[in-house]
Amino acid sequence: MLAALDEAGLPDPAVRARQRPGELSGGMRQRALIASAVVARPPLLVADEPTTALDATVAARVLGLLGNLRDAGTAVVLVTHDLGAVARVADRVVVLRDGRVVEEGPTARVLGAPREEYTRELVAAARLGEGPGAVPEPGVPVLEGRGLRRVFALPGGESVTAVDGLDVTVRAGEAVGLVGESGSGKTTLARLLLAADTPDAGEVLLDGMPWSALPERDRRALRSGIRLVPQDPLGTVDPRLTVRAVLRAALATGPRPPARADRDAAAAALLARVHLPTEVLDRRPRTLSGGQRQRVAIARALASDPRVLLLDEPVSALDVQVQAAILDLLVELRRDTGVAMVLVSHDLGVVRRVCDRVLVMSGGRVVEQGTVPDVFGAPAHPVTRDLLAARAV
Ligand SMILES: Nc1ncnc2c1ncn2[C@@H]1O[C@H](COP(=O)(O)OP(=O)(O)OP(=O)(O)O)[C@@H](O)[C@H]1O
Ligand SMILES: [Mg+2]
């Protein structure tokens, strides 16, 4: 019985087993109840909103327990409004509305490509609804853009001001979302922050020190501190290279590169951090799935232990299920490494999931900014409202 309490995620099971239900918190009571239901390994378990009272970590544990029961042959009926829980546990899903079945099918299909309007709404709402949870307190500014301006000449003598007098500050451990319509200047800004491009006015500071103003020769030694995950992951990688070669090269760029003999182990550790098995080391990136490739791209960017990670549309090429897994990974990496993130996305759900703060861009300027709940809860600028409305469909 103690084992069942432990499996259900109840801390100090030996102590808790001797308490009365009224002496437990709601979440603990829930877990004790789950333990009592699974202890006899029944052939069928009906779990009605089993994780609603639980925090994310414990909820994940309970869902893991339900998954184990299912794998051991127990049929599980999971009643829930939490589509994340459905995705983790269920093989099949039945969507109910007003007592009727709206849609039914394999989980991956129903959540990945819902056929009915109502299911689509549920999926969209679920993805907008969830934030990153507990994240590190933001620290000192690590990356600052001041009065940034970038003008591009167009054919025929015209020009376009892609970034037009823009200020941005990113603090240690913070995740800042950069959203805006296509052409609003997001990628240009990301490239300026990375010092892959030079501003026509203004400057970028890294750790409070000149960054964009330095000659590239002097920047090279500092580049390990700021990395970009480009929109086309590994598009810039030689297709003949294996993942091992890509990661070994990336590891060599850090401030304290591991000895050559240790780089395979370090590369395998990087893969583990993005939840890929060691076997992937000997694959070529093009033979991997889109999601695996994005994980390799993130591992590569993390190899030099950067303090800032710039991610340009990190999940837009991936299908919904894979997107969710990559976003979970980003949230986990934030928590575990404290790396600050600048996340460029046209998808507000993506920003909502990962970021604390958001900057809305239009015509090269920031038209609205604030915390994610404030901006998404009460959008003030028409551009923000349009972006939010577009997301609902
Ligand atoms: N190298 C360049 N030469 C000329 N114009 C450019 C260049 N790079 C960007 N631009 C122009 O600057 C503007 C902003 O482009 P940018 O790529 O920053 O937009 P974006 O917000 O990233 O858009 P998307 O969401 O489509 O990726 C656009 O008008 C674009 O055509
Ligand atoms: Mg872009």
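Keep in mind that the numbers below use all heavy atoms, side chains included, and drop hydrogens, waters and symmetry copies. Numbers here are sequence positions counted from 1. Whatever order the structure lists them in is the order used to number ligands and atoms, beginning at 1.
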(request) Verify whether one side chain among Asp282 and Thr242 offers a donor that lies under 3.5 Å from an acceptor in the other. (result) no
(request) Nearest heavy atom to atom 24 (P) of ligand 1 wins, so pick from Gly180, Ser182, Ala153. (result) Ser182
(request) Please confirm if an N, O or S atom belonging to Thr187, backbone or side chain, lies less than 2.8 Å from the Mg ion (ligand 2). (result) yes
(message) Tell me if a side-chain donor or acceptor on Arg150 pairs with a main-chain N or O of Ala162 at a distance below 3.5 Å.
(response) no
(message) Please check whether Glu313 reaches ligand 1 - meaning an N/O of the residue sits under 3.5 Å from an N/O of the ligand, judged on distance alone.
(response) no
(message) Between Thr119 and Glu103, is there a side-chain donor-acceptor contact under 3.5 Å, judged purely by atom types and distance?
(response) yes
(message) Please tell me whether Ser304 and Arg227 have a donor and an acceptor in their side chains that are separated by less than 3.5 angstrom.
(response) yes
(request) With heavy atoms of Ser184 as the reference, note each atom of ligand 1 found under 4.0 Å away. (result) 19 (O), 21 (O)
(request) Would you mind checking which non-hydrogen protein atom is closest to atom 27 (O) of ligand 1, with the distance to 0.1 Å? (result) Thr187 OG1, 4.0 Å
(request) Please say which of Val351, Val344, Val360, Leu311 ends up in a side-chain contact (heavy atoms from CB on, under 4.5 Å) with Leu178. (result) Val344
(message) I want to confirm something. Looking only at heavy atoms, which of Ser345, Ser362, Gly183 is nearest to atom 20 (P) of ligand 1?
(response) Gly183
(message) Can you check which of Arg191, Lys186, His346 brings a heavy atom nearest to atom 25 (O) of ligand 1?
(response) Lys186
(request) Compute whether any side-chain donor of one residue and acceptor of the other, for Asp374 and Thr371, lie under 3.5 angstrom apart. (result) yes
(request) Distance to 0.1 Å, residue and atom name: give those for the protein heavy atom nearest to atom 16 (P) of ligand 1. (result) Thr188 OG1, 3.5 Å
(request) Establish whether atom 30 (C) of ligand 1 and some protein heavy atom are separated by less than 4.0 angstrom. (result) no
(request) Would you mind telling me if ligand 1 is within reach of the side chain of Val160, the backbone, both or neither, using heavy atoms under 4.0 Å? (result) side chain
(request) Say whether His346 and Glu181, considering side chains only, have a donor N or O and an acceptor N or O under 3.5 Å apart. (result) no
(request) Would you kindly say whether Thr384 and Glu368 are connected by a side-chain donor-acceptor distance under 3.5 Å? (result) yes
(message) What I want to know is whether Phe152 and ligand 1 share at least one N or O pair that is separated by under 3.5 angstrom.
(response) no
(request) Would you mind running through ligand 1 and noting each atom that sits below 4.0 Å from a heavy atom of Ala162? (result) 12 (O), 13 (C), 14 (C)
